[in-house]
Amino acid sequence: MAAEFISVSFPNASNDLTPLHDAPVDPLFLERYSRALDDYGFNYTLLPYSSSSFDPFTLGATVLAHTKNIKIIVALRPNTVYPTVAAKSLATLDQLSGGRVVVHFIAGGSDEEQAREGDFLNKEERYERQEEYIRILRLAWTSKEPFDFDGKYYQFKQFRSAVRPTQGLIPISLGGSSDAAYRIGGSLCDIFGLWGEPLAETKQQIDRIYAEAAKAGRTDRPRIWVTFRPIVAETDELAWEKAHRVLDRLNDNRQKGLGRSPLSAPRPANVGSQRLLEIAARGDVHDRALWYPTVTATNAGGATTALVGSPHTIADSILDYIDLGADLISIRGYDNFNDAVDYGRYVLPLVREGIRQREEAKKTAAA
C-alpha cells in the first residue's frame with residue numbers, strides 16, 4: 001500500500017475566500033508556496049488551466065526551479081497546443097527537472113468555455129481528439145525513426161523528436177465521469193482523476209475504470225487520484241464552525257459576483273459536476289466527514305467537495321479512500337497557502353502513519 005499527495009500551485013494570493021480579480025503573477029508568492037509544498041512532503045502539484053488563466057508550462061517551470069522533489073502536473077487541453085509541440089515542451093521540462101513532470105488532459109466539460117479559445121467540437125469529438133493526442137505523445141517520446149500520423153484530427157508526416165523524457169515516458173493523467181472518459185482513461189492512461197464522491201460511488205467508478213483497462217487488454221491499471229477540499233481545525237467541533245464560516249463566505253462571494261460560478265449560471269453540462277450536485281441533493285454529510293454544501297455554493301464548479309474535521313478525522317477519511325484503491329490524494333483548501341501548511345504539518349504525517357500501521361498489520365498477518 002502506497003499513497004502520494006497532490007496539491008495545486010497558485011500564481012498569487014487570490015483564493016476562493018478572498019478572490020482578487022485578474023491579479024497578476026506574484027513571483028515571490030509562487031516561490032514561497034512551491035517551497036512550502038516541497039518542504040512539507042507533497043509529492044505533486046497541479047498547474048491548472050482555463051481559457052483566462054496563466055500558462056501552466058511557464059508556471060510549472062518556475063515551480064520546478066524553486067523545488068527539489070515535488071513533481072508538477074501540467075493541465076493540458078488538446079485544442080491549445082499541437083501534440084508534437086507539447087511532446088517536446090513536456091519532455092524539455094522533464095529533462096530540466098530530472099523526471100518531475102506529469103501531464104493531465106482536459107477534454108473540456110463546457111462548450112462555452114471551449115469556444116472561448118476557438119474550439120467548437122462537440123463533447124464526443126473532443127474525446128476522440130484527446131485519444132489521438134495521447135497516442136501521438138507516446139509515439140513522439142518512443143519512436144526512434146520519423147513517423148507519419150493520419151488521424152481524424154491530426155495529420156503530419158515524418159515527425160521525429162530528439163527530446164526524450166528522462167524515464168522514456170511521461171505519466172499521462174485524465175479525469176472525468178463520462179463513458180468516454182472511463183474508456184480512454186482506462187485503456188490508455190497512467191492515472192485517472194476523480195472528484196471526491198462518497199465511498200460507494202467512488203468504488204463504482206474505480207471498478208468501471210479497472211473494467212475498461214481489462215477490456216483494453218492491459219495487465220496493469222491506472223492509478224486512482226481523488227480530490228478533496230479539507231477544512232481542518234484542532235477539534236471536530238472547531239472544524240465544523242470553520243466550515244460554516246467558509247460556506248458563508250462562498251455564498252457571499254457568489255452573491256457579489258465574485259464566485260467561480262455566477263448566480264445566473266445554468267446547471268453544469270459536464271457529467272462530473274452533475275454527479276456532485278445529485279449527491280448534494282441527497283444530503284449534506286456523507287460517510288465519515290464528506291461535506292457537500294460547498295458543491296451547491298459553487299454550482300459544482302470543479303473539485304468542490306470538502307472533508308471536515310480534526311486532523312485525525314481528515315486522515316481517517318483519507319485512509320478510507322486509500323483502502324478503497326485510491327493512491328493519489330489531492331488536497332487543497334480554501335485559504336490556499338495556510339491550508340497547505342496545515343495539511344503538511346498535521347494531516348500528511350497521520351495518513352502516512354496510518355499506511356505504515358496497515359503495512360505492519362499485513363506483515364504480521366502473513367507471518
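None of these values were measured; they are calculated from a predicted model.
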| task | Test side-chain contact (heavy atoms from CB on, under 4.5 Å) on I136 and F156 and set out the steps. | result | CA-CA 10 Å; I136 290 168; F156 52 83; 3.9 Å; yes
So, the side chain of [X] versus the backbone of [Y]: is there a donor-acceptor pair under 3.5 Å, distance only?
X: T304; Y: G301; value: no
X: R126; Y: G108; value: yes
X: Q155; Y: G151; value: yes
X: S273; Y: A300; value: yes
X: Q130; Y: A107; value: yes
X: D190; Y: I172; value: yes
X: Q357; Y: G354; value: no
X: E113; Y: S50; value: no
X: R332; Y: R229; value: no
X: T18; Y: N15; value: no

| query | Hey, would you say the Y33 and F10 ring centroids sit under 6.0 Å apart? | reply | yes
| query | Do the two ring centres, one from Y133 and one from Y153, sit under 6.0 Å apart? | reply | no
| task | With side-chain hydrogen bond (donor to acceptor under 3.5 Å, both in side chains) as the test, would you mind laying out the steps for S110 and E112 before giving the verdict? | result | CA-CA 5 Å; S110 164; E112 291 78 12; 3.3 Å; yes
| Stepwise, does the side-chain contact (heavy atoms from CB on, under 4.5 Å) test hold for D284 with W291? | CA-CA 6 Å; D284 287 353; W291 197 50; 4.3 Å; yes
| task | For the pair N251 and D248, evaluate side-chain hydrogen bond (donor to acceptor under 3.5 Å, both in side chains) and give the outcome as yes or no after the intermediate values. | result | CA-CA 5 Å; N251 283 323; D248 289 344; 5.2 Å; no
| Are S177 and Q205 close enough, and set up right, to give a side-chain contact (heavy atoms from CB on, under 4.5 Å), and what steps lead you there? | CA-CA 8 Å; S177 298; Q205 292 200 86; 3.2 Å; yes
Taking the side chain as every heavy atom from C-beta outward, state whether [X] and [Y] have any atom pair closer than 4.5 Å.
X: I331; Y: I318; answer: yes
X: T294; Y: L250; answer: yes
X: Y154; Y: P78; answer: yes
X: L28; Y: E31; answer: yes
X: V271; Y: K123; answer: yes
X: F5; Y: V347; answer: no
X: W195; Y: V226; answer: no
X: I231; Y: L307; answer: no

Heavy-atom closest contact ([X] atom, [Y] atom, distance):
X: G185; Y: P222; value: O-CG, 3.6 Å
X: I184; Y: I134; value: CG2-CD1, 4.1 Å
X: L174; Y: C189; value: CB-SG, 3.6 Å
X: P24; Y: N12; value: O-ND2, 3.1 Å
X: N253; Y: L17; value: ND2-O, 3.2 Å

Taking atom [atom1] of [X] as the centre, does the number of heavy atoms from other residues, nucleotides or ligands within less than 6.0 Å exceed 12?
X: H312; atom1: NE2; result: no
X: E125; atom1: CD; result: yes
X: E117; atom1: CD; result: yes
X: K203; atom1: NZ; result: no
X: Y346; atom1: OH; result: no
X: R138; atom1: CZ; result: yes
X: Q167; atom1: CD; result: no

| task | For the pair T67 and R100, evaluate side-chain hydrogen bond (donor to acceptor under 3.5 Å, both in side chains) and give the outcome as yes or no after the intermediate values. | result | CA-CA 10 Å; T67 57; R100 292 192 284 144; 3.0 Å; yes
| query | Just checking, R208 and Y182: is the charged tip under 6.0 Å from the six-membered ring centre and within 45° of the axis? | reply | no
Whether the [X] and [Y] side chains hold a donor-acceptor pair (N or O, under 3.5 Å, no angle test) is what I'd like checked.
X: T313; Y: S310; answer: yes
X: T235; Y: E237; answer: no
X: S9; Y: T45; answer: yes

Test of understanding: clusters of I, L, V, M, F, W, Y form through side-chain heavy atoms closer than 4.5 Å, transitively. Do [X] and [Y] belong to the same one?
X: V341; Y: L350; answer: no
X: I279; Y: L194; answer: yes
X: V163; Y: V103; answer: no

[Y]/[X] salt bridge by N-O under 4.0 Å criterion:
X: R356; Y: E359; value: no
X: E4; Y: K71; value: no
X: D323; Y: R358; value: yes
X: R282; Y: E201; value: yes

| said: As an exercise, state the distance from CD of E132 to NZ of K152, rounded to the nearest 0.5 Å. | reply: 8.5 Å
| said: So, applying ring-ring contact (aromatic ring centres under 6.0 Å, His included) with H104, which one of Y49, F192, W225, Y44 is it? | reply: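 Of Y49, F192, W225, Y44, ring-ring contact (aromatic ring centres under 6.0 Å, His included) with H104 is met by W225 alone.
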| request: Run through Y343, Y321, Y334 and flag the one making a ring-ring contact (aromatic ring centres under 6.0 Å, His included) with F228. | output: Y321
| query | Which is it for L47 and I73 under the side-chain contact (heavy atoms from CB on, under 4.5 Å) test, yes or no, and what are the steps along the way? | reply | CA-CA 6 Å; L47 284 304; I73 304 174; over 6 Å; no
